[in-house]
Amino acid sequence: MRKVAVIGASMGRIGRYPELIFQDLGWPAVKGAIEDAGVDRKQIEAVYCGSAYGGRLAGQRVLRPLGMTGVPVINCENACSSGATAFREAYLAIAEGRHDRVLVIGIDKLTMLGGGVLPGQPEDWEVDVGLTMPALYAMRARRYMHEFGLTREQLSQVSVKARRHGALNPFAQYQKPVTLEEVMAARPVAEPFGLLHCCPTGDGAAALVLCAGDVAAQHTTKPVWIAGAELTSGRFVTGYRDITTAEITQRGAGEIYEETGVSPGDVDVAEVHDAFAIAELMYYEALGFCKKGEAYQLLESGATSVGGRIPVNMSGGLLSKGHPVGATGAAQLVEVVWQLRGQAGARQAEGAKVGLTHCTGGGIAGLDHGACAITILNT
Amino acid sequence: MRKVAVIGASMGRIGRYPELIFQDLGWPAVKGAIEDAGVDRKQIEAVYCGSAYGGRLAGQRVLRPLGMTGVPVINCENACSSGATAFREAYLAIAEGRHDRVLVIGIDKLTMLGGGVLPGQPEDWEVDVGLTMPALYAMRARRYMHEFGLTREQLSQVSVKARRHGALNPFAQYQKPVTLEEVMAARPVAEPFGLLHCCPTGDGAAALVLCAGDVAAQHTTKPVWIAGAELTSGRFVTGYRDITTAEITQRGAGEIYEETGVSPGDVDVAEVHDAFAIAELMYYEALGFCKKGEAYQLLESGATSVGGRIPVNMSGGLLSKGHPVGATGAAQLVEVVWQLRGQAGARQAEGAKVGLTHCTGGGIAGLDHGACAITILNT
Amino acid sequence: MSAEVVEPRYALAGSIGADEAGEPRLMGGLCAGCGAKVFPKPKICSSCWSTEQKDVALATRGRLYSFSVVHAARKGWPSPYAIAYVDLEDGVRVCAPLEDGVANPPPLDAPVELIVGTLRTDADGVAVLSHRFKPVTEAR
Amino acid sequence: MSAEVVEPRYALAGSIGADEAGEPRLMGGLCAGCGAKVFPKPKICSSCWSTEQKDVALATRGRLYSFSVVHAARKGWPSPYAIAYVDLEDGVRVCAPLEDGVANPPPLDAPVELIVGTLRTDADGVAVLSHRFKPVTEAR
Ligand SMILES: [Zn+2]
Ligand SMILES: [Zn+2]
């Protein structure tokens, strides 16, 4: 396997852009990544585009206004992990020698779905009796609270931290901090969750340019290296299942730590999939940042906040930065690239050398999740 | 690059199955391919699933009832080329050493869309003033007729041939031959096309198992080899554009012939993307089976019919076998695998050693098509 | 006894049966190949791939594994409502509405039992029924 | 001069303008970077990536490159109707309805000219206008 570098990274501010058509949401990120990378667009040999709700030919539609079609475009879908799946496929295509320079796009425009709760999986027997995504995570939260004594106030501190970080990020959908009282008092969505325990819906696009290690020096003096990119799907369980444990994340994390030789203690900065407040705590545990049941202690210690030992979701995470589903994985990677380059401004994790991104999603009955993608980058 | 073999191939009869949920349309093809390959399902290291309209996590939903999740599942979308894109990604993942045994799925259930004309690309400026997919191809047909003197009667012979072949194929949606008079008199869809110049909408799933050459002998004595798999996207043209030439197919064909060393004259059997009658004729030319403007002479000579020099669409093609969009590329590959194994029954192309599949689609303003995938298999 | 009897409409077709006494039972699948009991009844066993799946009445009692009171519901669904995971005594987990869960939320692990009730009303005004669970009040 | 003037609704926002004489013009984009003329006006030039795109009135005449009479239309569209590709004299190709194309289909390559007319009626009963082309009858 050849070494692979990220040499370009760009995204727009996540938000609600109903007035933009899909392609116009997407191409500025692509243009930004190409320019950041210092490549000529004609050097891009292939494009991997992740989108969950974009409909057919998402990548081609984004590339068309830039005159960049005419190469293989592979549109990848894996619910919340769509963008990260595209990144992983592009990374391996270069590592294995197929291409030298590849573009990755993650994009979704959720405002085109008309608002309200995102549609669940069609034909899902749990959705058919009333399960929604917030309710699924609310059940995970309630069980976790029951088993480990987590209080709703403690749960709410996750959102307070997310919004505190997001306030430092000009690319975040929400850039206003919130108080514990505001989180506790927000209108209920799926108990114990109020509105501020749930990520917003929004529109977003992010893009990255990847290249083979042996050509990276032509474009940059500051490559960010890809140590590994793991993708897996959830195991189907028909009986009792411990929903306080993130099966798919735990298994995926084990695989990437083994593959890369990186251990949880080596990670300097991480973006994890906090679509709901409980998720960040569960993923601390599944990613090995702390032991089972001790996630809140880790949060409370400040270790995962700006200036801490292992800052998590410096971008604000999904709760504050926003969660344009198929774009999320790519947006996480853009953030970590910026962190490792030292370009993250007020939210910079000082001296970060190893970064991790994690996204997982796609509610589907009987599985922890449809997909989970974990990536480790380093300088 | 390692050699890669197709060792398992399966599909159900294409048709209208509104009573089946998506997963139940899909898993029988997967089970069939696994059993045909003689692999244990636990040996499957990754899954590539192509679907255009299936919604999120198409692959995971199909794999779940078989207990086959827990591995990387990459859902690929490229409109009509979705299934072929999944096949190409799987092929390269093995050829480049990532995996030894990979499953490919192509699936779509168009009956869940509620009938009528398939929705065009959202936010497409040509669709917004009334363009439909049949109308786009009808315009190509009318221009071709104008430039090359093709008559509507000659055009209709494409459908007659397709239905003649489809009548021999137990997997075809339509298994009844039609007369020239029936094609000419069918109710108009988009002039000069009547109903029988257009492929039907339907539901379908197809699956294949691929493996590295060095393990193929563990599973079969009759591997079918993948000579090459090409994928590209259409070039964006803002001005005048010759719609009688299939730009994307011609360019893709040039690339795969060069890559594999196979020439058009070497091809013994081909499945081409005859979504509309004119398409088959245009693709004869773009694939190099004849010169520009001479496609009808090739058809009339019998060369592309059963028993001819280069039989095209022995399965009945999209016009007769059906066109469950994301499944089509995989279904074409299943057909060619069966042809190369000599298992195609009454529609067998005798002694076929080299087979080609071609699919292209995704109407998108300014491009010939969103995507085109061409594959060459041999024994 | 009129001709206007409306067939009950269920959220999950085939999921509700009845025992000898006419009491409702939640129906799952019993695999002829390996004995796995699964809800809802699959067409193929995810463990042994047997396609021989028999209808089986599942346990009517279980424990409340978790639940949530849903306020942000999908269009056409009355809210708030309580949705739960119930672990049945025979090893099957079922997602189901929790009867009275909004007004009287029970503790987790509380014993619950099956009832059948109205889930929501379809666009054409017909009630859609489903399995539901309610806390067990009497001793067993 | 009442308050009830309804703004015309166009299938493609910003696509219809007018010349000094008040005659309708089809508006495209003129790239400040490379001079490319494109319909509809893009936000960025696909050739030179300039984002400076000026409104430009496109040629009102062209040739009928091809057309089809559509019978199987999308929901809400009156059918049959004729849809065409028109190659304008200034090098731009436009997809547009062909006026009277159902009853009097012209030969390909026939000269055509721009008009503006009703495309269809929106769900709320308001007419949606678009550019259309009709065969040129008078000498030029
Ligand atoms: Zn079994
Ligand atoms: Zn320009």
Side-chain angles (χ1 to χ4, degrees), chain A residues 1 21-23 46-47 49 51-61 63-79 82 85 88-89 92-93 95-98 112 119 121-124 230-236 238 248 251 325 362 364-367 369-371, chain B residues 1 21-23 46-47 49 51-61 63-79 82 85 88-89 92-93 95-98 112 119 121-124 230-236 238 248 251 325 362 364-367 369-371:
Chain A
M1 300 253 293
I21 66 171
F22 189 83
Q23 67 175 32
V47 180
C49 176
S51 186
Y53 292 91
R56 289 164 304 291
L57 305 173
Q60 285 90 334
R61 280 150 61 209
L63 295 167
R64 175 176 52 177
L66 298 173
M68 286 183 65
T69 54
V71 296
V73 178
I74 297 95
N75 297 295
C76 300
E77 191 282 324
N78 249 334
S82 299
T85 297
R88 182 245 190 192
E89 295 300 300
L92 291 173
E96 293 166 3
R98 190 186 316 173
M112 75 189 188
Q121 279 300 339
E123 305 174 335
D124 187 292
E230 165 66 25
L231 174 69
T232 191
S233 57
R235 286 197 177 128
F236 183 39
T238 58
I248 188 172
R251 182 160 45 82
V325 180
I364 170 170
L367 277 62
H369 270 307
Chain B
M1 300 253 293
I21 67 171
F22 189 82
Q23 67 174 32
V47 180
C49 177
S51 186
Y53 291 91
R56 289 164 303 290
L57 304 173
Q60 285 90 333
R61 281 149 61 208
L63 295 166
R64 174 175 53 176
L66 298 173
M68 286 183 64
T69 55
V71 296
V73 178
I74 297 94
N75 297 297
C76 299
E77 192 281 325
N78 249 334
S82 299
T85 297
R88 183 246 190 191
E89 295 300 300
L92 291 174
E96 293 166 2
R98 189 185 319 172
M112 76 190 189
Q121 280 300 340
E123 305 173 338
D124 186 291
E230 165 67 24
L231 175 69
T232 192
S233 57
R235 285 197 178 130
F236 182 41
T238 58
I248 189 172
R251 183 162 43 85
V325 179
I364 170 169
L367 277 63
H369 271 306

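Worth knowing before you read on, the calculation uses all heavy atoms, side chains too, and leaves out hydrogens, waters and symmetry mates. Each chain gets a letter, A, B and so on, in the order its sequence line appears, and its residues count up from 1.
Annotation: maximal heavy-atom pairing with chain B below 4.5 Å, among A:Thr85, A:Val47, A:Ile74, A:Val73, occurs at A:Ile74. Note on B:Cys49, B:Ala93, B:Gly370, B:Cys76: by heavy-atom pairs under 4.5 Å with chain A, the leading option is B:Gly370. Considering only heavy-atom pairs separated by less than 4.5 Å from chain B, the leading option among A:Gly97, A:Gly67, A:Ala365, A:Gly59 is A:Ala365. Heavy-atom pairs under 4.5 Å with chain B peak, among A:Glu230, A:Met1, A:Arg88, at A:Arg88.
Here the closest non-hydrogen pair linking A:Pro72 and B:Leu231 is CG-O, 3.3 Å. Looking at every heavy atom in both residues, A:Glu123 comes nearest to B:Phe22 through OE1-N, 2.8 Å.
Residues satisfying the side chain to side chain donor-acceptor pair (under 3.5 Å) criterion with B:Gln60, sequence neighbours excluded, are A:Asn78, B:Asn75. By the side-chain contact (heavy atoms from CB on, under 4.5 Å) test, A:Arg235 pairs with A:Glu247, A:Arg251, sequence neighbours left out.
Between the CZ atom in B:Arg61 and the OG atom in B:Ser51 there is a gap of 8.0 Å [rounded to 0.5 Å].
By the 4.5 Å heavy-atom criterion applied to side chains, A:Ile364 and B:Arg64 are counted as neighbours.
Proximity to chain B (any heavy atom under 4.5 Å) is shown, for A:Leu63, by neither the backbone nor the side chain. Residue B:Ile248 does not touch chain A at all, counting heavy-atom pairs closer than 4.5 Å. Contact of A:Thr232 with chain B is made through backbone and side chain together, with heavy-atom distances under 4.5 Å.
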